Amino acid sequence: MRSHLCGEVNETLDGQSITLCGWVDRRRDLGGLIFISLRDNAGIIQVVVEPDSPAFADAERLRNEYCVRIKGVVRLRPQSQWNESMATGKIELVADKVELLNASAPIPLLMTDEDGEEVRLRYRYLDLRRPRMQRNMKIRSKLNRAIHNHLDDNGFSEFETPILTKATPEGARDYLVPSRVHPGQFFALPQSPQLFKQLLMMAGMDRYYQIARCFRDEDLRSDRQPEFTQLDMEMSFVDEAGVQSAAEDLLRAVFKDVLDVELPASFPRLTWQEAMEEYGSDKPDLRYPMRLHDVDEHVSHVEFRVFSGPANSDGQRVAALRVPGGAQFSRKQIDGYTAFVARYGARGLAWIKVNDADAGLEGLQSPIAKFLDDKAWNGIAAQTGVQSGDLLFFGAGDWLQTSTFMGHLLVRCGQDLELANQDWAPLWVTDFPMFEWDEESARHTAMHHPFTAPQVASADELEANAGTALSKGYDIVLNGAEIGGGSIRIHKVDMQQAVFKLLGISEEEAEAKFGFLLEALKYGCPPHGGIAFGLDRIAALMAGEASIRDVIAFPKTTTAQCPLTDAPSSIAQAQLDELHIAVKTRSD
Ligand code: ASP
C-alpha cells in the first residue's frame with residue numbers, strides 16, 4: 001500500500017513520487033494551503049496540499065486521527081523553512097492524491113502528556129500511537145532482542161517454565177487459579193520462576209535464561225505492577241563473582257546495543273553495611289558525588305544532647321551530609337527539606353551554612369554552631385571536606401532510620417542542585433543480612449528469599465548465628481534503582497531445612513510446600529546461583545521514563561485494574577459453579 005515510511009523520508013528523495021500511509025496528526029488550513037502532519041510508526045512528515053491539487057477537496061475533509069493514504073512528490077523546503085527538530089524537517093510532501101482509508105470518531109484524548117493516566121489506559125491503543133510511546137515500545141523491543149543475542153552467544157539456553165504452578169515465595173501474595181477438575185484446589189501464578197530455574201540446574205542445563213512474566217499480588221505502590229517482566233538467569237558451578245561478571249557483561253552489551261552507551265568496564269561494589277552507612281540506601285544513586293559522613297567521634301563530647309546522645313549510644317549515629325553550594329538555600333528551602341525528611345521519620349534536621357571555611361566557627365551560620373567547640377568543628381570540617389559556600393545537614397538518632405532519611409535527603413539535594421556528574425552509575429550491593437527480624441510475628445524473615453545461601457559453611461553455624469549471618473545475595477543498582485537481584489543458592493538439603501526452620505516453617509509445611517525441592521536437592525545438586533533483572537525498570541531507565549507503566553504496552557492502574565478491558569470483572573454464576581467457587585458477600 002505504501003512505498004516509504006513517513007519518518008524515513010529525507011532530502012535524498014527530493015523530486016520523487018512516493019506513497020505514504022498513516023494517521024492525521026494535525027491538519028491546518030492556511031489561507032488556501034492545507035498542511036497535514038502525517039504520522040506512522042517511523043515518525044511524522046509534513047504534507048502540503050495546494051489549492052489547485054486534485055487532492056484538495058479530500059484533504060479538506062480530513063480530521064485528526066483519520067487513517068489515510070497519500071501520494072505526492074517530495075520537495076526540498078527552502079533552507080529558511082527547515083525544521084531542525086523534525087527528522088523529516090528539510091522536506092515536505094506535495095500531495096496529488098489523498099485517499100481516506102478510515103475516518104475516526106472524535107478522539108477522547110488530547111494525545112499529549114497532559115492526558116490523565118486513567119483515560120490513557122482506557123484508550124491505550126490511541127495513547128500508544130503517540131511518538132513518545134512508539135519510541136518507548138521500540139526501545140523495549142530492541143532491549144529484548146539485545147538480551148537474546150547476547151545470551152544466545154554466551155552459552156545460555158532459553159527455557160519456558162510453568163505459569164500454572166505452586167506458590168514460589170518472593171514476599172508477596174499469590175494470584176490463584178481455581179482448578180475445575182480438582183474441586184477446592186488451586187494453582188498459584190509464579191511470583192518468579194525461582195524453583196524451576198534451580199531444578200533446571202539440577203537437571204544439568206548449566207546456563208538458563210528466560211524473559212519471564214511474574215505475578216505478585218502486592219499492596220498498591222505506585223511503581224509496582226501485579227504482572228511484570230523479569231530477565232531471569234541461572235548458572236551452575238559459579239560463585240558470586242561468576243554470576244556478577246556474566247550479568248555485567250550482559251548489561252554492558254545491552255546498553256551498547258540499544259543506547260550506544262558504554263557502561264564501566266567493572267562495576268563498583270559496596271557491602272550493604274557500607275551502602276547504608278555512606279549513602280543511607282541499599283540502592284545508592286552514585287551519579288551524585290555526595291556521601292554521608294559518620295561524625296560521632298567529633299560530637300560525642302559536646303553539650304548538645306541531640307548529637308552527643310546518639311553519638312554515645314550503640315545502634316545510633318550522627319550523620320553529616322555536605323551539600324556543595326548549599327549555603328545559598330533560603331530558610332524556606334531548609335524548612336522544606338526538614339519537612340521532607342520528616343516523611344521518613346526524622347524528628348529534626350540540623351544545618352550549618354559555611355560562609356567562610358577558613359574562619360573556623362566564626363565563618364559559620366547556624367542555629368547549632370553555638371553548641372560546637374573548635375575541636376568538634378575542626379573534626380567535622382576535615383572529615384566532610386566542607387568548603388566556603390557549602391551547607392552541612394545533620395541527622396541524629398536510630399542508626400537505620402537516620403541513615404535512611406539522610407539517604408533520601410542526599411538524593412533530593414542532588415536532584416534539586418543538579419549535581420549528577422555521570423549519566424549512568426551502576427553498582428553491586430553485596431553482603432546483605434541473611435534474615436530480618438519481624439517484630440510483629442516474632443520470627444525471622446528472609447531478606448532475599450528462602451533459597452539464598454548464607455555465608456557460613458554449616459547448618460549448625462547458621463543456627464548459632466542467625467541474627468548476624470550474612471547471605472550470598474547481591475543486588476544490582478543503576479541510578480538509584482534496584483534493577484536486579486540474585487544470590488548463590490543453597491544446594492545442600494540440610495542447609496535448606498535449617499533455613500526453613502529459622503524462618504518458622506515447620507517440617508510438615510516445608511514438606512507440603514517445597515517437598516519436591518527438598519527431594520531434588522538429594523540427587524547430586526550442583527552448586528548454582530543466578531539473578532533476575534526487572535526488565536520494565538531497565539526499559540524505563542533506557543527510555544528516560546519515570547514510570548514503568550510507560551514502557552508496558554498494556555499496564556494495570558495502581559489499583560491493579562485494566563480500564564481498557566475492565567478486568568478484573570465479575571464471573572457468571574455458571575462459571576463459578578463449574579469452578580466450585582462460592583463468592584462471599586459482605587454479610588457472610
Ligand atoms: N527469584 C529472585 C527474584 O525474583 C531473583 C533471583 O534470586 O534470581 O527476586
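Remember, it's 1-based here, ligands and their atoms both numbered in the order they're listed. The structure presented is a predicted model; accordingly, all values stated were derived computationally and were not measured.
Residue Ile531 has at least one heavy-atom neighbour below 4.0 Å for each of these atoms of ligand 1: 8 (O). For ligand 1, the atoms sitting less than 4.0 Å from at least one non-hydrogen atom of Gln230 are 3 (C), 4 (O), numbered in the order shown with element in parentheses. Close approach of ligand 1 to Arg216 is summarised as follows: ligand atoms under 4.0 Å from at least one heavy atom of the residue are 3 (C), 4 (O). Interface of Gly485 with ligand 1, defined as ligand atoms under 4.0 Å from a residue heavy atom, comprises 5 (C), 6 (C), 8 (O).
A donor-acceptor pair is defined here as one N or O able to donate and one able to accept, closer than 3.5 Å; no such pair exists between the side chain of Arg287 and the backbone of Asp423. The closest donor-acceptor contact from the side chain of Gln496 to the backbone of Ile490 lies at 3.5 Å or more, if one exists at all. Of the possible polar contacts, none joining the Arg122 side chain to the Glu117 backbone as a donor-acceptor pair under 3.5 Å is found.
Gln244 and Glu248 share no donor-acceptor pair across their side chains, judged by distance under 3.5 Å alone.
At the shortest separation from atom 7 (O) of ligand 1 among protein heavy atoms lies Arg489 NH1, 2.7 Å.
Taking the six-membered ring where tryptophan is involved, the planes of Phe255 and Trp424 are perpendicular, since the angle between them exceeds 60° and thus also 30°. Ring-plane geometry between Tyr344 and Phe340 is classed as perpendicular, the angle between the planes exceeding 60 degrees on a 0 to 90 degree scale with a lower cut at 30. The aromatic rings of Phe500 and Phe514 lie parallel to each other, their planes meeting at an angle below 30°, with 60° marking the opposite boundary.
Ligand 1 lies less than 4.0 angstrom from a heavy atom belonging to His448. Not a single heavy atom of Gln191 sits closer than 4.0 Å to an atom of ligand 1.
Both the backbone and the side chain of Ala532 come within 4.0 Å of ligand 1, counting heavy atoms alone. By the criterion of a heavy-atom distance under 4.0 Å, neither the backbone nor the side chain of Glu234 is placed next to ligand 1. Residue contacts with ligand 1, taken as heavy atom pairs separated by less than 4.0 Å, do not involve Glu482 at all.
At least one N or O atom of Lys197 sits closer than 3.5 Å to an N or O atom of ligand 1.
Taking the six-membered ring for Trp and the full ring otherwise, the centers of Phe156 and Tyr208 sit at least 6.0 Å from each other.
Of the candidates Gln194, Gln198, Glu170, Gln194 brings a heavy atom nearest to atom 6 (C) of ligand 1.
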